[in-house]
Number of protein chains: 2
Amino acid sequence: MAGRTGAKVDQIICTVDVVLLTLKEDQLMVALLKRNREPYKNVLALPGGYIHAEDMDARDAALRVLKDKTGIDTPYLEQLATFSGPARDPRGWSVSIAYYALVSIDVIEKSGHPDVALKSVDQPLNLPFDHKTIVDTAVARLRSKSQYSSLPCYLAGENFTLPQLQRVYEVLMGESLNKVSFRRKMTEMDMLEPVEGAFTSTGAHRPAQLYQLKPEFRRQLTLLERGL
Amino acid sequence: MAGRTGAKVDQIICTVDVVLLTLKEDQLMVALLKRNREPYKNVLALPGGYIHAEDMDARDAALRVLKDKTGIDTPYLEQLATFSGPARDPRGWSVSIAYYALVSIDVIEKSGHPDVALKSVDQPLNLPFDHKTIVDTAVARLRSKSQYSSLPCYLAGENFTLPQLQRVYEVLMGESLNKVSFRRKMTEMDMLEPVEGAFTSTGAHRPAQLYQLKPEFRRQLTLLERGL
DNA sequence: ATAATAGTGTCTTTTAGACAGTATTCA
DNA sequence: TGAATACTGTCTAAAAGACACTATTAT
């Protein structure tokens, strides 16, 4: 209440961290990188970095960090939450504005950065700072939003069949879905269009139609009135 | 890529802002205060302030700022989003971790801080910094969460009747609700308990039963599988 | 008694899910 | 032709909504 000097106010460390998520073999994976500086040098952690004065905002910083450290331009990046406190970083009172990004596994494999390590979010992760909390928050957010939005489509890649997309939703939601209802919902969302040319490579059975997001939905979520 | 000096990295201004929302006469209101310092001295703005080194985290700072500036201990405070950039504050590159709080109108009127100005969020607001964006984001979040959660209960106060609570939901959702369905949902949520003693003061008609949140739901949201 | 709002029972409509049928491919 | 998966039609079950009826109060 009485006159604070504000002496330490300016010394807060401001960073961004990115939780890059993808789906590999029906498992939700997070992308980690070995840190090339202290603290925690050579330890696997989320891609992150300081905000620069040249960044237009924190989102811009997150896109820059992701591009610089993994080579990836993500089609979907959303602010997750901000994590803060005096103890989360040994360098001092810090703030991390965390974002999460969703890409298909192809995007990571074609990124040309072979040092990106993918770890399943369902197995124990030992991460520095409070990165475990950040990852858990991102996974919870993704799983929650999968209930009533088109978010999982960003994990499915450019082209996908309806059975493949249903599998993505099932992995994220952790339950099997009714095929007829799932297709009714996709029709209701009206965001997919068939790609001419079926998906034949799967074997001795009827091939499935390939779909893609309609252009107007490439970078914009669709929400459902009622879930699933 | 090549060696950055990081010269300006530490000069980011770190603040918290609180969007305190309440319901008055069927209108959603935001609490504003006249700023007592430059920039924008004497202009109505969101309660906010610097993060202090003594704060345990940004949430703690938000609770402190709200208590100091309005005298209010809020039962519900949630992180909204973080707003950042070089231009939002004339003092320089800044980060504001924004929170939103929900209280009943009684809490504000009994706070003993008569300088709290309540403005309808539906009428044009001319606010400094990017506070208009922050308020709009908070209102959108509240309205969205009202579709499928118990969030509106925090605006209804300690005790309320079901017709009153339904009215709160209707104001937030911007549509009238089916009485039978609304009551079915409240029963399904199983978070209310009747208070012995009916609500008589309303006039020449049957009094309504007063309810309160069950203790275990006082500070914890309930989510619905399907909305409304 | 009347007016006004609270609260409930029940029927109709809408939405979700089960299930089984047809379709198409490869071996 | 059989096995495998894609896709669809249709019936059943569950949820939401409409509507009307009863309940309780003050005047």
Side-chain angles (χ1 to χ4, degrees), chain A residues 25-26 146-150 152 156-157 159-171 173-212 222-228, chain B residues 25-26 146-150 152 156-157 159-171 173-212 222-228:
Chain A
E25 290 157 14
D26 282 356
S146 297
Q147 310 282 327
Y148 60 91
S149 82
S150 58
N159 300 156
F160 45 82
T161 68
L162 286 178
Q164 285 169 348
L165 185 60
Q166 181 171 348
R167 187 76 196 116
V168 172
Y169 270 88
E170 287 174 340
V171 168
M173 296 173 64
E175 60 182 317
S176 61
L177 297 174
N178 181 284
K179 183 168 55 170
V180 177
S181 296
F182 178 77
R183 282 160 186 251
R184 265 197 297 245
K185 287 292 184 184
M186 292 302 123
T187 304
E188 182 189 317
M189 284 196 196
D190 194 29
M191 60 179 183
L192 302 180
E193 60 187 14
V195 182
E196 303 319 319
F199 192 60
T200 89
S201 51
T202 354
H205 54 79
R206 177 174 175 177
Q209 174 67 58
L210 277 171
Y211 290 85
Q212 62 186 356
T222 316
L223 300 181
L224 281 168
E225 191 75 17
R226 276 177 271 272
L228 279 162
Chain B
E25 291 157 15
D26 283 355
S146 296
Q147 310 281 327
Y148 59 93
S149 81
S150 59
N159 299 157
F160 45 81
T161 69
L162 286 177
Q164 285 170 346
L165 185 61
Q166 180 171 347
R167 187 77 196 116
V168 172
Y169 270 88
E170 287 174 339
V171 167
M173 296 172 65
E175 60 182 316
S176 61
L177 297 174
N178 182 284
K179 183 169 55 167
V180 177
S181 296
F182 178 77
R183 283 160 186 253
R184 266 196 297 245
K185 286 293 184 183
M186 291 303 122
T187 304
E188 183 189 316
M189 284 196 196
D190 193 30
M191 61 181 180
L192 302 180
E193 60 188 12
V195 182
E196 303 319 317
F199 192 61
T200 89
S201 52
T202 356
H205 53 78
R206 175 175 176 176
Q209 173 67 58
L210 278 170
Y211 290 85
Q212 62 187 354
T222 316
L223 301 182
L224 280 168
E225 192 74 16
R226 276 178 273 269
L228 278 165

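Letters go in sequence order (proteins before strands), and every chain restarts at 1.
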For this session: Check the pair A/Y169, A/M186 against side-chain contact (heavy atoms from CB on, under 4.5 Å), reporting the backbone distance first and the verdict last.
Result: CA-CA 12 Å; A/Y169 270 88; A/M186 292 302 123; 4.0 Å; yes
Problem set entry | d(OH, B/Y211; P, C/dA6) in whole Å | 12 Å
Seminar exercise, completed: When rounded to whole Å, the CE to P distance for the pair A/M173 and C/dA16 reads 12 Å
Problem set entry | Those residues that, when tested against A/Y148, pass ring pair (Phe, Tyr, Trp, His ring centres under 6.0 Å) (two or more places apart) | none
For this session: Any chance you could measure A/Q166, atom CD, to A/M173, atom CE, to the nearest 0.5 Å?
Result: 10.5 Å
Seminar exercise, completed: Closest to the 5' end of DNA chain D, once A/P207 and B/V180 are matched to their nearest nucleotides, is A/P207
Exercise. Between B/R226 and B/Q164, which has a closest nucleotide on DNA chain C that is more 5'?
Worked result: B/Q164
Dump the pairs, protein N or O against N or O of nucleotides 2-5 of chain C, anything under 3.5 Å, distances to one decimal.
from	atom 1	to	atom 2	distance (Å)
C/dA4	N3	B/A204	O	3.3

Exercise. What are the residues of residues 183-195 of chain A, sorted by number, that bring a heavy atom to within less than 4.0 Å of DNA chain C?
Worked result: A/R184, A/K185
Seminar exercise, completed: Span of DNA chain D engaged by chain B, first through last nucleotide within the 4.0 Å heavy-atom cut-off, is D/dA15 to D/dA26
For this session: Would you mind listing every side-chain hydrogen bond (donor to acceptor under 3.5 Å, both in side chains) that reaches into residues 186-195 of chain B, with sequence neighbours excluded?
Result: B/D190-B/K214, B/E193-B/Q212
For this session: Provide, to the nearest angstrom, the distance between the CG atom belonging to B/L165 and the C1' atom belonging to C/dA6.
Result: 15 Å
Exercise. Any donor-acceptor pair under 3.5 Å between the side chain of B/K179 and the base of C/dG7?
Worked result: yes
Problem set entry | Separation of C/dG9 P from B/N178 CG (nearest whole Å) | 15 Å
Problem set entry | Atom pair CD (A/E225) and CZ (B/R226), whose distance is rounded to the nearest 0.5 Å | 13.0 Å
For this session: Inspect the surroundings of CD in A/E25 and state if more than 12 heavy atoms from other residues, nucleotides or ligands are less than 6.0 Å away.
Result: no
Seminar exercise, completed: In B/Q209, B/R183, B/K179, the residue satisfying side-chain contact (heavy atoms from CB on, under 4.5 Å) with B/P163 is B/R183
Exercise. Whole-Å distance between C/dA16 C1' and A/L224 CG?
Worked result: 13 Å
Exercise. Judged by atom type as modelled, is there a donor-acceptor pair below 3.5 Å linking the side chain of B/Q164 to the main-chain atoms of B/A156?
Worked result: no
For this session: Between B/Q209 and A/G203, name the one whose nearest nucleotide on DNA chain C is closer to the 5' end.
Result: B/Q209
Exercise. What's the CD-P distance between B/Q166 and C/dG7, to the nearest Å?
Worked result: 11 Å
For this session: Using the test ring pair (Phe, Tyr, Trp, His ring centres under 6.0 Å), find all partners of B/Y211 that sit at least two apart in sequence or belong to another chain.
Result: none
Exercise. How long is the gap from CD on A/E175 to CG on A/L228, to the nearest 0.5 Å?
Worked result: 6.5 Å
For this session: May I have the step-by-step check of side-chain contact (heavy atoms from CB on, under 4.5 Å) for A/L192 and A/L162, ending in yes or no?
Result: CA-CA 10 Å; A/L192 302 180; A/L162 286 178; 3.9 Å; yes
Seminar exercise, completed: Taken to the nearest whole Å, CG/B/L228 to C1'/C/dT14 is 13 Å
